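One structure is given here, and the rest of the page talks about it.
We name chains A, B, ... by the order of the sequence lines, and we start the count at 1 in each one. Every value quoted in this text rests on a predicted model; they were computed, and no experiment measured them.
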Protein chains: 2
Amino acid sequence: MIKFLLENINIKDENLIEKAFKGVIKEKEEKIAGYYDLPFTSKELLRDINFDANEIVVIGIGGSSLGTKAIYSMFKDKFKIKKMHFLENPDPIVLSRKLQNIKRDSLFFLVSKSGKTIETISIFKKVVEYFGFDFKRDKNLIVITDKNSPLEKFAKYYDLKFFNVPSNVGGRFSVLSAVGIVPLSVAGVDVSEILSGAREMIDGFFARKEDHILKKAVFLYENREKYNVNVLFSYGDFFEDFNKWFVQLWGESLGKKRDEERVGLTPVSLIGSIDQHSFLQLIMEGKKDKTVTFLKVDNFGVNLKIPDILLPYLEDTDFVNGTYLAELINKECDATYEALKQQKVPVDMIEMKELTYENVGKLIIYFELLTSLVGVLLGINTYNQPGVEVGKKILRSKY
Amino acid sequence: MIKFLLENINIKDENLIEKAFKGVIKEKEEKIAGYYDLPFTSKELLRDINFDANEIVVIGIGGSSLGTKAIYSMFKDKFKIKKMHFLENPDPIVLSRKLQNIKRDSLFFLVSKSGKTIETISIFKKVVEYFGFDFKRDKNLIVITDKNSPLEKFAKYYDLKFFNVPSNVGGRFSVLSAVGIVPLSVAGVDVSEILSGAREMIDGFFARKEDHILKKAVFLYENREKYNVNVLFSYGDFFEDFNKWFVQLWGESLGKKRDEERVGLTPVSLIGSIDQHSFLQLIMEGKKDKTVTFLKVDNFGVNLKIPDILLPYLEDTDFVNGTYLAELINKECDATYEALKQQKVPVDMIEMKELTYENVGKLIIYFELLTSLVGVLLGINTYNQPGVEVGKKILRSKY
């Protein structure tokens, strides 16, 4: 179960709620965005996953790895998930360490929607050389890419197993497509639970049982000039990669030119309670240009009690003795929420009863819907990223 | 060597340069901020480091761990530095995993400036219970804290080794004090090189050989309303913790109330080239409210060549074949810099010839000086953090 709580979030124009809702229905019905269907269609992928592995390597960047990594990081400490390695960045220092820790008999996923991402293919070539892969003999490589992409053709040429991403599903909306579902399923994640949670959230939304999403989207749109920074403050280290997934989703989807106007909302990722000792001061006393979404888990499923140890001169900290660490981190979350609420900062709380696959499926759809709704209201194309092409052209000119 | 390059950064009021410069001289001379002296005084700490360890555990949060972790993460893959564990967050899932990986005979550093940070002392109590520490017998615990703090008294009570942080050095400015220098030195980092680089930068600045810092500070101040988001775009995974250190330094120092006005600049951390596939679209086409500082290393010291492998159908990626991965990531940095420069985004480049201790010492002082200069111009107290006290009070009321 997930509870959604909103404070200091009031909307002016109620009509925008229907406008936003109709906009996403149109996107769904006209197949402008394919992610709406994934919770229903991705079940079929499971039939084709008839392979196993000891360890898994995902070679991919941006939307090709962020979502998979987000889910892996949330569950790797709690469940018996197989070790996953992510080769994302062409940083030679860290890549070199990672290669040393990878076993040759791992299952390698080569993930690129366009099938020609320069970082990904370059790292792949390095992997091929490092392990001495021979595609005619070695079959522990699976390709995930767009239909008819160069990478699909490469996979077909060597008779490698491959999966397609639906053409109307962009990278940052692709975690519930083959991009995330296939490697996570092999790793031992119960992806059917994730999809089931996603279906429940999307059905609930279209049945108008989750109107808090509409309300929040309209608020963010109406106040886009005043509150142009949107913070996701997640309590738990294991949320760090989820936050990065959110940053891509929010920043890349909504930062667009609309005719001559530049629109967009700036995502910021914070981890509690660590960033209470960092960025929080700026939210509390700096310019009031931020909304803050808190994300917390009631029951961590790991019980660590703060022991009832009395240390001389440190009596001031004894008020937490005998309570659980989970209580401390969650009460810090609540206290910060209340402090910001008192400051009239627009805050909302996403409270998961437990960190389950189902809840994470809901969470993913929640943020994707919120992004689409704000995109509709901004009148932009939420699903492209034209701004990054210039840099790609300049890069080529440097060789 | 570090090169500093500025583009689209022009200042209006030249007088502000002298104002800012005089402001930090005053802070230095009147000992308002003690960090100016650390590059010179912290050498003395090395005399007192007469202990060793196989592995190191730092228990601390915010300013008590971010700087140490930043330096560790930059060098752990390149040099034979001893393994360091950081216990920061009272997140039971991740803490429980970390505890399982820690050896009892590690050297434990308990770091809290105030000596009563609730997360830190609570985690410490857990560590004491987990390993069955007896302070009369076990001496593998070193305390770093303010003079006369409760934690210093605790250390004295059990005759534990302790180091002090100068009272005029705040947590986020403390990496070159005992907070960072002592654990890093035991880990095998050549801290004297870091301090030497720091001295060179601070001497150069006060000798007016680094006026680009003044220019940038004045620009950020003059354009604080227009460009209220300051991105640090660092190319290399190993910079991620350094970026977090920057986020705390910038956000917590500059987000302040000045009389009734709320001021502050919002730091954002990006890692290249990964975030070219994420946040970059927002900078390129979204609202023009961001400055972008690029940070890169010319020579990574690890040579990974992209092999000259020709893969059928993937010919489009062959233009990088036979070149180094370091070239790819750095040319991506340059291409993005140029693309933003063309868009008239205020950008600057910090280019380190090599990732050396000395250059990192310079880098730390560079960002600290920049922060102080902008703080002077904003007319705020750069060194306190009054805004986070409310939450602490609310937290107590919940027990």
What residue in A:Glu88, A:Gln276, A:Lys153 has the most heavy-atom pairs under 4.5 Å with chain B? A:Lys153
Give the member of A:His277, A:Lys78, A:Arg262 that has the highest number of heavy-atom pairs under 4.5 Å with chain B. A:Arg262
What part of A:Lys393 gets closer than 4.5 Å to chain B, counting heavy atoms only: side chain, backbone, both or neither? neither
Bottom line for B:Leu355: the part with an atom under 4.5 Å from chain A's heavy atoms is side chain
Any idea which of A:Val247, A:Val128, A:Thr266 has the most non-hydrogen atom pairs under 4.5 angstrom with chain B? A:Thr266
Spacing of B:Ile121 atom CD1 and A:Ile309 atom CD1 [to the nearest 0.5 Å]: 12.0 Å
For B:Arg258, is it the side chain, the backbone, both or neither that has a heavy atom under 4.5 Å from a heavy atom of chain A? neither
Kindly say whether B:Asn384 contributes a backbone atom to a donor-acceptor pair with the side chain of B:Lys256 at under 3.5 angstrom? yes
Check each atom of B:Glu240 against the heavy atoms of chain A and say whether the ones under 4.5 Å are side chain, backbone, both or neither. side chain
Pick whichever of A:Asn330, A:Ile123, A:Ile271, A:Asn228 has the most heavy-atom pairs under 4.5 Å with chain B. A:Asn228
Find the distance between CG (B:Asp275) and OG1 (B:Thr336) and round it off to the nearest 0.5 Å. 11.0 Å
Which atoms of B:Ile93 approach chain A - backbone, side chain, both or neither, heavy atom under 4.5 Å: both
What option among A:Phe154, A:Phe300, A:Tyr399 has the most heavy-atom pairs under 4.5 Å with chain B? A:Tyr399
Region of B:Lys392 that comes under 4.5 Å of a non-hydrogen atom in chain A: neither
CG/A:Asn243 to CG/A:Leu66 distance, rounded to the nearest 0.5 angstrom? 11.5 Å
Engaged part of B:Phe238 at the chain A interface, taking heavy atoms whose separation is under 4.5 Å: both
If you tally heavy-atom pairs under 4.5 Å against chain B, which of A:Gly62, A:Ser149, A:Ser122 wins? A:Ser122
May I have the step-by-step check of side-chain contact (heavy atoms from CB on, under 4.5 Å) for A:Phe239 and A:Lys296, ending in yes or no? CA-CA 9 Å; A:Phe239 277 130; A:Lys296 75 167 184 176; over 6 Å; no
Residue part contacting chain A, namely of B:Glu327, when any heavy atom lies under 4.5 Å: both
Mind checking ring-ring contact (aromatic ring centres under 6.0 Å, His included) for B:Phe246 and listing every partner two or more places apart, or none if nothing turns up? B:Trp250, B:Phe367
Residue part contacting chain A, namely of B:Ser269, when any heavy atom lies under 4.5 Å: neither
Go through the side-chain N and O atoms of A:Thr317 and B:Lys125 and say whether any donor and acceptor fall under 3.5 Å apart. yes
Between B:Phe135 and chain A, with a heavy-atom cut-off of 4.5 Å, which part of the residue counts as in contact: side chain, backbone, both or neither? side chain
Euclidean distance, A:Ser112 OG relative to A:Glu119 CD, rounded to 0.5 Å: 9.5 Å
After noting the C-alpha distance and the side-chain angles of A:Val268 and A:Phe279, does the key distance pass the side-chain contact (heavy atoms from CB on, under 4.5 Å) rule? CA-CA 10 Å; A:Val268 165; A:Phe279 199 97; 3.9 Å; yes
With sequence neighbours excluded, what pairs up with B:Asp308 under the side chain to side chain contact (heavy atoms under 4.5 Å, CB included) test? B:Leu310, B:Asn321
Would you please test B:Arg172 and B:Glu252 for salt bridge (Lys or Arg N to Asp or Glu O under 4.0 Å) and show each step? CA-CA 8 Å; B:Arg172 59 189 173 274; B:Glu252 204 171 38; 3.2 Å; yes
Which atoms of B:Phe124 approach chain A - backbone, side chain, both or neither, heavy atom under 4.5 Å: side chain
